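Data block below; observations after.
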Amino acid sequence: MAESADGKGIEGIDLSKVPLHIGCVMDGNGRWAKRRGLPRTEGHAAGEVALLDAVEGALRLGVKWLTVYAFSTENWRRPPDEVRYLMGFNRNLLRNRRDELNEKGVRIRFSGRRDWRVPRSVLREIDIASELTKANRRLTLTIAFNYGGRAEIIDAVKAIVQDGVSARSVDEKMISSHLYYPDAPDPDLVIRTSGEYRVSNFLLWEIAYSELVFQDVLWPDFRAEHMYDAVREFQGRSRRFGGLDDD
Ligand code: IPE
Ligand code: IPE
Ligand code: MG
């Protein structure tokens with residue numbers, strides 16, 4: 001797929017069949033910066049505009065759930081300076097954007113482990129933004145932060161064991177109900193930018209039947225138009241869930 005979007009706006013999209021839930025793996029910030037001779041952190045900074053535009057796109061389409069991958073449980077492997085930058089960046093993003101997101105009817109939620117590695121100042125901003133926006137229902141923006149799909153499954157299994165659930169009672173519903181957000185529908189569509197063809201531990205359980213769209217655009221260049229392209233591609237696909245087409 002080309003790096004630039006088609007520029008067709010929402011033309012050709014059937015608004016009665018937009019994905020209920022879109023997931024985004026926001027990848028390519030470092031390469032975006034490198035191409036410009038800038039430090040990697042500048043790429044993360046430039047990703048803020050892309051995130052806000054993705055939210056605008058979701059609102060325009062009437063998407064109800066948008067989950068974005070901001071920091072994985074594996075991203076702690078990065079140099080300490082970059083990790084520190086990402087922590088501060090996410091904290092400031094929340095602080096600076098929570099009011100405008102709130103005014104737009106966006107509910108902000110966090111998905112991930114609140115472990116000792118996440119600075120308290122970040123946890124505090126997470127709590128403030130979540131509390132401020134908790135009554136909003138136009139769009140639920142879930143920020144996957146210190147998130148790993150395997151960690152989420154491990155945490156679900158632990159909770160199930162702690163609840164004393166018998167082996168006989170373990171089924172898909174039981175596991176789903178112990179994930180971080182049992183109320184969220186599984187993503188219909190997952191978009192990954194930067195031309196990488198992998199899921200990198202994003203929502204492993206939930207994406208069992210998601211449609212995957214890979215785009216070459218680097219995350220800081222991502223705009224609502226790219227989301228529209230992905231939704232057009234999604235609408236051209238036939239989802240069978242293991243069965244057969246209706247026709
Ligand atoms: C995605 O961009 C942001 C995070 C993973 C936090 P990257 O930082 O992975 O950018 P590339 O993949 O190195 O270009
Ligand atoms: C996935 O991107 C994680 C986020 C976008 C937060 P990575 O850049 O960390 O993934 P890999 O290392 O290329 O698989
Ligand atoms: Mg990357």
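Numbering of ligands and ligand atoms starts at 1, following listing order. Keep in mind that this is a model prediction, so the values were computed, not measured.
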query: Taking the six-membered ring of W32 as reference, does the NZ or CZ atom of R35 fall below 6.0 Å from its centre and within a 45° cone about the axis?
result: no

- prompt: Which residues and atoms, counting only protein N, O or S, are under 2.8 Å from the Mg ion (ligand 3)?
  reply: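 Counting only protein N, O or S atoms under 2.8 Å from the Mg ion (ligand 3), the list reads D27 OD1.
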
field: Side-chain donor/acceptor of D6 to backbone N/O of K8, under 3.5 Å
entry: no

- prompt: If two hydrophobic side chains count as joined below 4.5 Å and joins carry through other members, does Y85 share a cluster with L94?
  reply: yes

query: Mind checking whether I22 and L15 sit in one hydrophobic cluster, side chains of I, L, V, M, F, W, Y counted as touching below 4.5 Å?
result: yes

Calculate, to the nearest 0.5 Å, the distance between atoms [atom1] and [atom2] belonging to [X] and [Y] respectively.
{"X": "R192", "Y": "D27", "atom1": "CZ", "atom2": "CG", "answer": "4.0 Å"}
{"X": "I13", "Y": "R60", "atom1": "CD1", "atom2": "CZ", "answer": "8.5 Å"}
{"X": "C24", "Y": "I191", "atom1": "SG", "atom2": "CD1", "answer": "4.5 Å"}

query: Sequence neighbours excluded, which residues qualify as ring pair (Phe, Tyr, Trp, His ring centres under 6.0 Å) partners of Y228?
result: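 If we apply the ring pair (Phe, Tyr, Trp, His ring centres under 6.0 Å) test to Y228, skipping adjacent residues, there are no hits.
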
Using a cut-off of under 3.5 Å, which N/O atoms of ligand 2 pair up with protein N/O atoms, and what distance separates each pair?
from: ligand 2; atom 1: 8 (O); to: D27; atom 2: OD1; distance (Å): 3.2
from: ligand 2; atom 1: 8 (O); to: R78; atom 2: NH2; distance (Å): 3.2
from: ligand 2; atom 1: 9 (O); to: N75; atom 2: ND2; distance (Å): 2.9
from: ligand 2; atom 1: 9 (O); to: R78; atom 2: NH2; distance (Å): 3.4
from: ligand 2; atom 1: 10 (O); to: R192; atom 2: NH2; distance (Å): 3.3
from: ligand 2; atom 1: 10 (O); to: S200; atom 2: OG; distance (Å): 3.4
from: ligand 2; atom 1: 13 (O); to: R198; atom 2: NH2; distance (Å): 2.8
from: ligand 2; atom 1: 14 (O); to: R198; atom 2: NE; distance (Å): 2.8
from: ligand 2; atom 1: 14 (O); to: S200; atom 2: OG; distance (Å): 2.6

When the side chains of residues 142-149 are checked against the rest of the protein, which donor-acceptor pairs come out under 3.5 Å, sequence neighbours left out?
from: N146; atom 1: OD1; to: W76; atom 2: NE1; distance (Å): 2.8
from: N146; atom 1: ND2; to: R113; atom 2: O; distance (Å): 2.8
from: N146; atom 1: ND2; to: D115; atom 2: OD1; distance (Å): 3.3
from: N146; atom 1: ND2; to: D115; atom 2: OD2; distance (Å): 3.2
from: Y147; atom 1: OH; to: E152; atom 2: OE1; distance (Å): 2.5
from: Y147; atom 1: OH; to: L203; atom 2: N; distance (Å): 3.3

- prompt: Given N102 and N136, is the side-chain contact (heavy atoms from CB on, under 4.5 Å) satisfied, shown in steps?
  reply: CA-CA 7 Å; N102 186 38; N136 296 337; 2.8 Å; yes

message: I'd like to know whether ligand 1 has H44 as a neighbour, heavy-atom separation below 4.0 Å.
response: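 Checking ligand 1 against H44, which is what was asked, there is a heavy-atom contact under 4.0 Å.
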
